[in-house]
Amino acid sequence: MPELVMQLTRAGFLILLWLFVLAALRVVRSDLYAASGLRVPTPSIKKGFRGAGKGGAKAPRQLVVTQGALSGTRITLDGKPIMIGRADDSTLVLDDDFASTRHARLSARGDEWFVEDLGSTNGTYLDRAKVTSPVRVPIGSQIRIGKTVIELRS
């Protein structure tokens, strides 16, 4: 076999080997982070303002993904917390490099829903404002996690 073909074959094999090693390290890192259960302590939650100019606003009934790979996905809100992230046990599993394993949580307090960031690397945004503590989510407001945008709808 010509020497050039042998060198190119060796280089190609070496590149594939390194890609495999990097992919394996990424999976191990993700699994270790998820298994450790690292979370930011939940601060006390203050009741948000009501109404915001919409007298008698209805309680949200659905979580809708409006942008991203899961666009069109709908989740019925039944009062249980909704976990969002890359972890397989999340309610909304995101396949997004900008989302953390356990990225954010939506939880109900009465008829209102609150979003909180769970110590994610890239942050959670509510209408362009970074979420640093649990924040009330009005109906129709956009929650951005990486490339994914979700809204609460009635």
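All values below come from the heavy atoms of this structure, side chains included, with hydrogens, waters and symmetry mates left out.
Of all heavy-atom pairs spanning Asp111 and Ala59, the tightest one is O-CB, 4.0 Å. Across every non-hydrogen atom of Pro81 and Thr91, the tightest pair is O-OG1, 4.1 Å. The shortest non-hydrogen separation linking Asp127 to Ser141 is OD2-OG, 3.2 Å. Nearest heavy-atom pair across Trp113 and Leu77 is CZ2-CB, 3.6 Å. Between Thr73 and Leu70, the shortest heavy-atom contact is OG1-O, 2.6 Å. Here the closest heavy-atom approach between residue Ala104 and residue Thr124 is recorded as CB-OG1, 3.8 Å.
Leu152 is not connected to Tyr125 by any chain of hydrophobic side-chain contacts under 4.5 Å among Ile, Leu, Val, Met, Phe, Trp and Tyr, and they are in different clusters. Linking ILVMFWY residues whenever their side-chain heavy atoms come closer than 4.5 Å, directly or via other members, places Ile84 and Ile75 in the same cluster. By the criterion of side-chain heavy atoms lying less than 4.5 angstrom apart, applied directly or through intervening Ile, Leu, Val, Met, Phe, Trp or Tyr residues, Leu126 is grouped together with Leu94 in one hydrophobic cluster.
For the atom pair Lys147 NZ and Asp95 CG, the distance stands at 10.0 Å (nearest 0.5 Å). One distance of note links CG of Asn122 with NZ of Lys130; it measures 8.0 Å at 0.5 Å rounding. With values rounded to the nearest 0.5 angstrom, Ser133 atom OG is found 9.0 Å from Glu116 atom CD. Rounding to the nearest 0.5 Å gives a distance of 8.0 Å between OG of Ser120 and CG of Leu118. Separating the CZ atom in Arg74 from the CG atom in Leu63 is a distance of 10.0 Å, to the nearest 0.5 Å.
Under the side chain to side chain contact (heavy atoms under 4.5 Å, CB included) rule, His103 has a single partner from Asp96, Leu92, Asp117, which is Asp117.
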* Verify side-chain contact (heavy atoms from CB on, under 4.5 Å) between Ile143 and Val149, making sure each step is shown before the conclusion. => CA-CA 6 Å; Ile143 301 168; Val149 176; over 6 Å; no
* Given Gln62 and Arg153, is the side-chain hydrogen bond (donor to acceptor under 3.5 Å, both in side chains) satisfied, shown in steps? -> CA-CA 5 Å; Gln62 287 187 334; Arg153 294 190 180 163; over 6 Å; no
* **Step-by-step side-chain contact (heavy atoms from CB on, under 4.5 Å) determination, Thr148 to Ile150** => CA-CA 7 Å; Thr148 304; Ile150 59 177; 4.1 Å; yes
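Counting only distance, with no hydrogens or angles, the side chain of Ser90 and the backbone of Arg86 share no donor-acceptor pair below 3.5 Å.
Counting heavy-atom neighbours within 6.0 Å of Asp89 CG, excluding the residue itself, gives a total above 12.
With Phe114 as the aromatic partner, Arg109 meets the cation-pi criteria of under 6.0 angstrom to the ring centre and within 45 degrees of the ring axis.
Annotation: side chain of Asp97 is in contact with side chain of Arg26 (closest heavy-atom distance under 4.5 Å).
Remark: Asp78 does not engage Arg61 in a salt bridge, criterion side-chain N to carboxylate O under 4.0 Å.
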